[in-house]
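Note sheet for the following structure.
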Amino acid sequence: MARWCYRHRLVVLLLWVGTVFGVGFAGSAAGTDYANVFSLPDTDSKRAYDLMDKAFPERAGDVDTVVWKVDQGSVRDASVRARIEPALERIGRMDGVGEVTGPYGEGGAAGGGAGVSRDGTIAYAQVTFTEQANSVPKALIDDVIETARDAERDGLQVELGGQAIARAQEATQGTSEAVGILAAAVVLFLAFGSLFAMLLPIVVAIAGVGTGMMATALLSHTTNIPDVAPLLGSLIGLGVGIDYALFIVTRHRRGILRGMKPEEAAVAALNTSGRAVLFAGGTVCIALAGMLVMNLRFLDGVVIATSLTVVLSVLAAITLLPALLGLLGPRVLSRRQRRRLAAAGPEPEVTSGLAARWSAYVERRPRSTAVLALVVMVVLAVPVLSIRLGTSDQGNHRDTTTTRQAYDLLAEGFGPGFNGPLQVVVEGTDAKGLVSRIESTPGVAQAAAVPPANGVTVIQVVPTTSPQDERTDRLIDRLRDDVIPASGTEAHVGGVTAVSKDFASVTGDRLPYFIATIIALGFLLLMVAFRSLVVPLTAALMNLVAAAASFGVLVAIFQWGWGTELLGVGKEGPIAAFLPVIMLSLLFGLSMDYQVFLVSRMHEEWVHTKDNARAVRVGLAETSRVINCAALIMICVFSAFVLSGELEAAMAGIGLAAAVALDAFILRTALVPAAMHLLGKANWWLPAGLEKRLPHLAVEPKEEPTAVEPTPTPTPMSAGGPASVIHGFIRTADGEPVGDADVTLLTRGGRRLDRVTSLADGSYIVAVPGPGTYLLAATSAAHTSRARQVDVGEGPLVYDVELAGVPEGEVDAVS
């Protein structure tokens, strides 16, 4: 498929452009119909909701609030009424507004009735729209806000609250995505040094995410998808889309640098890294689909949006990317790399520099490295012990927003519980006894029954504490467990606050089973891939450590309030109940991605040498740079979602950024390799009986010869012998022999053919399968590595290798 996409690049590009614009046009024309459905089966709040829907089916429109406060005097003063009443009347006449219920009029403020605070300084009116918040036109919301705010004057403050009003405060869609993409572009340019190479992952990610977002908008008309789902989908899609393209482009560039033609390099990259991308993307989707076992309707829409975006990002990486590589050809390399390739010929990549020095350091001091990394992770995980799951509301918005100001004014004038009243729904019309019991219950500010309808009575209960206060949760439990049963009445406690509590409780109860499922799945996949029990067990433990530490960071910032003002994300509160499931799914998928990328290189070296220390050192040195680059891109993309204007998206962005940073920079480059050094050969242990029963799963296929790497035709020198040999001496620049040097013969694609150790006089001899072009690499602990391309004819080839000493303070990772 990769070769077909490469050769038919214009067709592939036209198909993708048509798909992106076609889905985009359809999504724009149809609009969105997102719905936050928090109802839970078999919960008390769900039964209360069903009864209310039966009794009051006409209450379908969103209800928002206009709140005003005077610095002096009373809201009943004629001067205040002269400004507020005309504004409310104009709002009531707007097309799309059902009714406006204000405090002025019979039984209202004029007569000392409801809607005015006890001190007379704060009042509110309710605006009922004819549609739910997501369906109310933004132009109408802006008109309502502008009309209400026009009534302000010195000494008279007017604010608005509610779901529809909150929509007007959202940051412009795409701001966070644009900032994340820009930051990722900078990282990619620094990594590749080429403008064209930098653009490839960006274009691929935008194609996948853009199509996914518009497709999600279309699906919102057919199923319940929460409004936070597209934000999470774009957050995840951008991260994985750029990273997956990065892995493939890196492999493609490496192939060209090693002398492969661009087409063959692209095919090889898709056939190796492309398979790893499919494996990683499938793993992420499996983890996301695992949320379905939680049986939470709210998460179903999140699974649809995020999984669809990941699938389209993977599809773009394995189809659109090879087409773009075909357009660029050798220009995927920087000009300097192309000039060097033309002048000096192809060379294999030799790992050196910081990655090599760090890998050698971890090998020398595995215990201290492991202890330090573990201490850091444990310290960061401490706050998770106090985690509280819940739902954010407008009290968590930034204090500069009108919704937060309205929330605070209502709490000031009518008590903190006024922003989250409970609704006790009674099956029947005789609720006087229950009202009396509720009024006398500690924690209740007031309780009043609404006139019954269709055999159902609703009791509005205002707690003395705010919706997010733990005491409000205890009040709900007291009503359900003690007050209602003692009254002998059939009743259920509902309302937004009760639904949020039930959602958090159900999520918390089911979370351990979800964690066990995804950890077990990761264990099985890694065990089959690497034929080991210890490697997947280590990965499972690392995933738990990373999850605990990242949630600790999340609790410290968003629940304890450490840095919320600095980040500008609003007021501290409980952690969104759905966030642990989202984060664990993504962390599982991404950590599997990094683990496979890291350990597969170690496993390859282990299979060849059976030297665990060398395998871990080489694997870390050769993969840590790409892992860290990929992680840095994800951190940039995720962190940018602080600018989204959505508290839940900011939580997800910061949480995932912290998770990726800790996973890549501490676990995969420090704790995992240090632990593997300490465990030694036990890393690769698998019982013989289990080895026979496990299926074989190769993340990367066996490398097959290509047009650049032809299959040599054996012409045996003697019966059963090799076609030819390369032999010579390994010496220093001074002519001194280098003994015990590793000499490896590889194909131009990097597949090892033979490996020997030089003798005391520096002599070596390696077997060659037949005429052709090969790579000969020599490594020694006290010298720098050296690799050269050699052309072998029909007979033996004499080839001497000169090694230079390693400069003081430098380390060669592959020596």
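Atoms CG and CZ, from L372 and R365 in turn, are 12.5 Å apart once rounded to the nearest 0.5 Å. Here the straight-line distance linking atom CG of L380 with atom CG of L662 works out to 6.0 Å at 0.5 Å rounding. Residue T507 holds its OG1 atom at 11.0 Å from CZ of F514, rounded to the nearest 0.5 Å. Between the CE atom of M634 and the CG atom of L656 there is a distance of 9.0 Å, given to the nearest 0.5 Å. Atom CE in M542 sits 6.0 Å away from atom OG1 in T538 (nearest 0.5 Å). The distance from atom CG of L315 to atom CG of L278, rounded to the nearest 0.5 Å, is 9.5 Å.
Among residues at least two apart or in separate chains, ring-ring contact (aromatic ring centres under 6.0 Å, His included) pairs with a member in residues 230-249 are F247-F597.
Under the salt bridge (Lys or Arg N to Asp or Glu O under 4.0 Å) criterion, D502 pairs with R480, not counting sequence neighbours. Checked against ring-ring contact (aromatic ring centres under 6.0 Å, His included), F192 has no partners two or more places apart in sequence or in another chain. Residues passing the ring-ring contact (aromatic ring centres under 6.0 Å, His included) test with Y361 are W358, sequence neighbours excluded. Residues satisfying the ring-ring contact (aromatic ring centres under 6.0 Å, His included) criterion with W560, sequence neighbours excluded, are W562. By the ring-ring contact (aromatic ring centres under 6.0 Å, His included) test, H603 pairs with F530, W684, sequence neighbours left out.
By the 4.5 Å heavy-atom criterion applied to side chains, L533 and P687 are counted as neighbours. Two residues are said to be in side-chain contact when any heavy atoms from C-beta on lie closer than 4.5 Å; L270 and I248 meet this criterion. Looking at heavy atoms from C-beta onward, L579 lies in side-chain contact with L554 at the 4.5 angstrom threshold. Within the 4.5 Å cutoff, the side chain of M377 has heavy atoms near those of the L667 side chain. The closest side-chain heavy-atom distance from R510 to V581 is not below 4.5 Å. When side chains are defined from C-beta on, L584 counts as touching F551, because their heavy atoms get closer than 4.5 Å. Between T517 and L521, every side-chain heavy-atom pair lies at or beyond the 4.5 Å cut-off. Contact check for I575 versus M583: no side-chain heavy atoms found under the 4.5 Å cut-off.
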Would C629 and V187 satisfy side chain to side chain contact (heavy atoms under 4.5 Å, CB included), going step by step from the backbone distance to the final call?
-> CA-CA 7 Å; C629 182; V187 175; 4.0 Å; yes
Step-by-step side chain to side chain contact (heavy atoms under 4.5 Å, CB included) determination, T744 to T779:
CA-CA 9 Å; T744 307; T779 61; 6.0 Å; no
Evaluation steps, side chain to side chain contact (heavy atoms under 4.5 Å, CB included), between M527 and L690: CA-CA 10 Å; M527 181 174 64; L690 191 58; 3.9 Å; yes
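Using modelled atom types, one side-chain atom of S359 and one backbone atom of R617 make a donor-acceptor pair closer than 3.5 Å. Checked by atom type and distance alone, the side chain of N683 pairs as donor or acceptor with a backbone atom of G680 at under 3.5 Å. Between the side chain of N612 and the backbone N or O of M676 there is at least one donor-acceptor pair closer than 3.5 Å. With hydrogens and angles ignored, the 3.5 Å screen pairs no side-chain donor or acceptor of S313 with any backbone N or O of L238. Listed for the S550 side chain is a donor-acceptor partner under 3.5 Å among the backbone atoms of A547. In terms of modelled atom types and a separation under 3.5 Å, the side chain of R668 and the main chain of F665 share no donor-acceptor contact.
Scanning all heavy atoms of the two residues, the minimum distance from E363 to A613 falls at OE2-CB, 3.5 Å. For the pair T669 and L620, the tightest heavy-atom approach, listed with the atom from each and the gap, is CA-CD1, 3.8 Å. A540 and I519 get closest at one heavy-atom pair: CB-CG2, 3.7 Å. Between A576 and P580, the shortest heavy-atom contact is O-CD, 3.3 Å. Minimum interatomic distance between A373 and L671 (heavy atoms only, all atoms of both residues): CB-CB, 4.0 Å. Considering all non-hydrogen atoms of both residues, P230 and M213 come closest at O-SD, 3.2 Å.
Atom CZ of R388 sits in a crowded spot, with more than 12 heavy atoms from other residues, nucleotides or ligands closer than 6.0 Å.
A side-chain contact (heavy atoms from CB on, under 4.5 Å) with I242 is found for exactly one of I206, L200, I633, V209, namely I633.
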